[in-house]
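Predicted, not measured: the structure shown is a model, and the values here were computed from it. The sequence lines fix the lettering, A, B, ..., with proteins before strands; numbering per chain opens at 1. Side chains are part of it too, since the values below use all heavy atoms of this structure and drop only hydrogens, waters and symmetry mates.
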Amino acid sequence: MNNKNLAEVPKIFTELGKIMGDDLVNFKRDEFIDRDLTMRIKQLTVTDKNQWHTLWQGYQDFYQTDLPQEVTDSTWQKITADNSPIYGFGAWQGDELIAIAHITLHEHTWTTKPCCYLIDLFVAPNSRNQGIARAMIEHLYQFAKERDCDRVYWLTKEDNTTARALYDKLANKTDFVQYRHNI
Amino acid sequence: MLTIKPLQSNDKSQWLALWQNYLIFYQTDLPQAISDNTWQKITDDNSPIFGFGAWQNKDNVEEMVGFVHVVLHPNTWNDTDCCYLEDLFVSERVRGQGVGRALIEHIYNFANAKHCNRVYWVTTKDNYTAQALYDKVAKKTDFIQYRKTL
């Protein structure tokens, strides 16, 4: 995703010009052009907390969950702690955080290498369908490879057809079902 | 009489025999180096992988008839760890005698003592025999798993 150039100014600005007068619209258009729309993915750090928190809440809303504040605080602490096996990544457009992903690396019994469990992935609703989730997952593949993991895996609701349309392109669906016992 | 206890270094040969049968069930044959490494992690106090064996005493001979391996890992939805039950196997000879259930319930107690918030596992969707038991001791979720081998 490169910076927008003049030729790519959305039609809405030229249309608005007819209604609102070109001066006002030119101002808005320039603001749009100046905005750096290059997407960058990097690990979350302590200063990202506020923006992360907004997306984390949106993610919980999606799953109709509302975690206690102490859990959210603990999660953020684990994401940003150097000695935790939980890692968090953010996708940024300019200075706006538009997506988050959390993973944990853990050992397992079938290989000598650790595996990478993608626990959470969320893209801000107004940044969807721009390839951001795909870029995040591919970034995680790279990260996991560098950490010598043998696989990346994740779970999703069987009826989450939107997410699965992407996942089917990037990974293999296993024929596992999950059982859970809460303690 | 069934006893369940943590696997220890001197259990290796009996564990290995069951582990091989478990791999055959999954039509897998792991290199010896991986099995050795897995055993090392199971018996290493510093590893988050834990293993338990089910032993049957017959004519004063202790025989391992089942095992279970779990890994504890942190999670983002809880401030306590999750307990992922990775492997569970019971010798064909003693199936249908409650050994699988006893191993799972042992793990529930273990996870509780480790302050875990849940025990979870996956199984192939057509493994109806196992699921008949799992349906009694846990809840099937509506999650499916995606995997990318690197």
Side-chain angles (χ1 to χ4, degrees), chain A residues 56 60 63 65 67-68 70-75 77-79 84-86 88 102 104-113 116-120 137 140-141 144-145 148-160 164 167-168 170-183, chain B residues 19 23 26 28 30-31 33-38 41-42 47-49 51 69 71-80 82-87 104 107-108 111-112 115-127 131 134-135 137-150:
Chain A
W56 177 239
Q60 289 175 53
Y63 277 108
T65 300
L67 296 173
E70 60 263 31
V71 171
T72 290
D73 289 344
S74 153
T75 297
Q77 197 273 328
K78 286 183 278 195
I79 288 168
S84 155
I86 290 199
H102 306 146
T104 186
L105 307 188
H106 70 80
E107 293 181 65
H108 68 140
T109 54
W110 284 54
T111 73
T112 57
K113 297 175 169 189
C116 174
Y117 173 19
L118 167 53
I119 308 175
D120 307 304
I137 291 172
L140 294 172
Y141 288 172
K145 228 180 241 178
D148 201 31
C149 293
D150 75 305
R151 74 178 71 146
V152 179
Y153 73 96
W154 62 90
L155 299 162
T156 194
K157 294 265 190 183
E158 192 160 20
D159 61 4
N160 190 348
R164 287 182 56 191
Y167 300 161
D168 286 332
L170 291 172
N172 292 317
K173 185 169 89 75
T174 69
D175 56 356
F176 289 119
V177 291
Q178 192 203 44
Y179 280 84
R180 181 185 289 190
H181 172 75
N182 292 330
I183 292 172
Chain B
W19 174 245
L23 296 176
Y26 277 107
T28 302
L30 296 177
I34 291 182
S35 293
D36 287 344
N37 177 269
T38 298
K41 286 185 282 198
I42 289 169
S47 158
I49 292 193
H69 305 149
V71 59
L72 306 190
H73 69 77
N75 179 27
T76 57
W77 285 56
N78 312 86
D79 50 11
T80 51
C82 293
C83 176
Y84 176 16
L85 192 162
E86 289 209 299
D87 307 301
I104 292 172
I107 291 303
Y108 288 172
N112 192 32
H115 308 291
C116 293
N117 61 81
R118 78 176 73 131
V119 178
Y120 73 97
W121 61 91
V122 295
T123 192
T124 40
K125 66 179 173 205
D126 57 1
N127 189 348
Q131 288 187 48
Y134 299 161
D135 286 332
V137 295
K139 285 207 167 83
K140 192 168 161 174
T141 72
D142 54 358
F143 285 106
I144 54 170
Q145 192 196 56
Y146 278 84
R147 181 185 288 185
K148 167 74 174 179
T149 303
L150 299 175

Scored by heavy-atom pairs under 4.5 Å with chain A, the best of B:Val71, B:Thr123, B:Val119, B:Thr124 is B:Thr123
Report the option among A:Gln60, A:His108, A:Gln77, A:Lys113 that has the most heavy-atom pairs separated by less than 4.5 Å from atoms of chain B.
-> A:His108
Heavy-atom pair count under 4.5 Å with chain B, highest-scoring of A:Asp120, A:Leu118, A:Thr104, A:Asp159 = A:Asp120
Can you tell which part of B:Asn112 gets under 4.5 Å to a heavy atom of chain A, answering side chain, backbone, both or neither?
-> both
Chain A contact via B:Asp135 - which portion, at a heavy-atom distance below 4.5 Å | both
Please check if the distance between the ring centroids of B:Tyr84 and B:Tyr120 is under 6.0 Å.
-> yes
Cut-off 4.5 Å, heavy atoms of chain B, and the answer for A:Leu170 is backbone
Below 4.5 Å from any heavy atom of chain A, which atoms of B:Leu72 appear? Answer side chain, backbone, both or neither.
-> neither
Taking distance alone, no hydrogens or angles, what donor-acceptor pairs closer than 3.5 Å link side-chain atoms of residues 142-149 of chain B to residues at least two apart or in another chain?
| unit_1 | atom_1 | unit_2 | atom_2 | d |
| --- | --- | --- | --- | --- |
| B:Asp142 | OD1 | A:Lys157 | NZ | 3.3 |
| B:Gln145 | OE1 | A:Thr174 | OG1 | 3.2 |
| B:Tyr146 | OH | A:Arg164 | NE | 3.1 |
| B:Tyr146 | OH | A:Asp168 | OD1 | 2.8 |

Could you walk me through whether B:Leu85 and A:Tyr179 pass the side chain to side chain contact (heavy atoms under 4.5 Å, CB included) test, one step at a time?
-> CA-CA 10 Å; B:Leu85 192 162; A:Tyr179 280 84; over 6 Å; no
Residue among A:Glu158, A:Arg180, A:Gln178 satisfying side-chain hydrogen bond (donor to acceptor under 3.5 Å, both in side chains) with B:Thr141 | A:Gln178
Greatest number of non-hydrogen atom pairs under 4.5 angstrom with chain B, of A:Thr109, A:Asp175, A:Val152, A:Leu155, falls to A:Thr109
Top residue by heavy-atom pair count (under 4.5 Å) with chain B, among A:Thr112, A:Asn182, A:Val71?
-> A:Thr112
Examine whether an atom of B:Lys41 lies under 4.5 Å from a heavy atom of chain A, and if so say whether it belongs to the side chain, the backbone or both; otherwise answer neither.
-> side chain
Specify which of A:Thr156, A:Thr111, A:Leu67, A:Thr72 makes the most heavy-atom pairs with chain B at under 4.5 Å.
-> A:Thr156
Tell me, with the steps shown, if B:Cys82 and B:Arg118 meet side chain to side chain contact (heavy atoms under 4.5 Å, CB included).
-> CA-CA 5 Å; B:Cys82 293; B:Arg118 78 176 73 131; 3.9 Å; yes
With chain A, the option among B:Thr76, B:Asn127, B:Asn37 that has the most non-hydrogen atom pairs under 4.5 Å is B:Thr76
Starting at CD of A:Glu70, measure out to OG1 of A:Thr75 and round the result to the nearest 0.5 Å.
-> 10.5 Å
Give the member of B:Leu150, B:Thr38, B:Asp79, B:Val122 that has the highest number of heavy-atom pairs under 4.5 Å with chain A.
-> B:Leu150
Okay, B:Asp36 and chain A: the region with an atom under 4.5 Å from a heavy atom over there is neither
Any chance the rings of B:Trp77 and A:His102 have centres within less than 6.0 Å?
-> no
Most chain B-contacting option - heavy-atom pairs closer than 4.5 Å, from A:Ala171, A:Ser74, A:Ala144 | A:Ala171
Highest number of heavy-atom pairs under 4.5 Å with chain A: which of B:Leu30, B:Ile42, B:Ile49?
-> B:Ile49
Applying the ring pair (Phe, Tyr, Trp, His ring centres under 6.0 Å) test to A:Tyr153, which of A:Tyr141, A:Trp110, A:Tyr117 qualifies?
-> A:Tyr117
Of all the heavy-atom pairs spanning B:Ile107 and B:Cys83, show the shortest one and how long it is.
-> CG2-SG, 3.9 Å
Counting only heavy atoms closer than 4.5 Å, note whether B:Ser35 contacts chain A via side chain, backbone, both or neither.
-> neither
Calculate, to the nearest 0.5 Å, the distance between atoms CH2 and CD1 belonging to A:Trp154 and A:Ile137 respectively.
-> 4.5 Å
Of the listed B:Thr28, B:Asn78, B:Asp126, B:Asn75, the one with the largest count of heavy-atom pairs under 4.5 Å with chain A is B:Asn75
Tell me yes or no: between the side chains of B:Asp87 and B:Trp19, is some donor less than 3.5 Å from an acceptor?
-> no
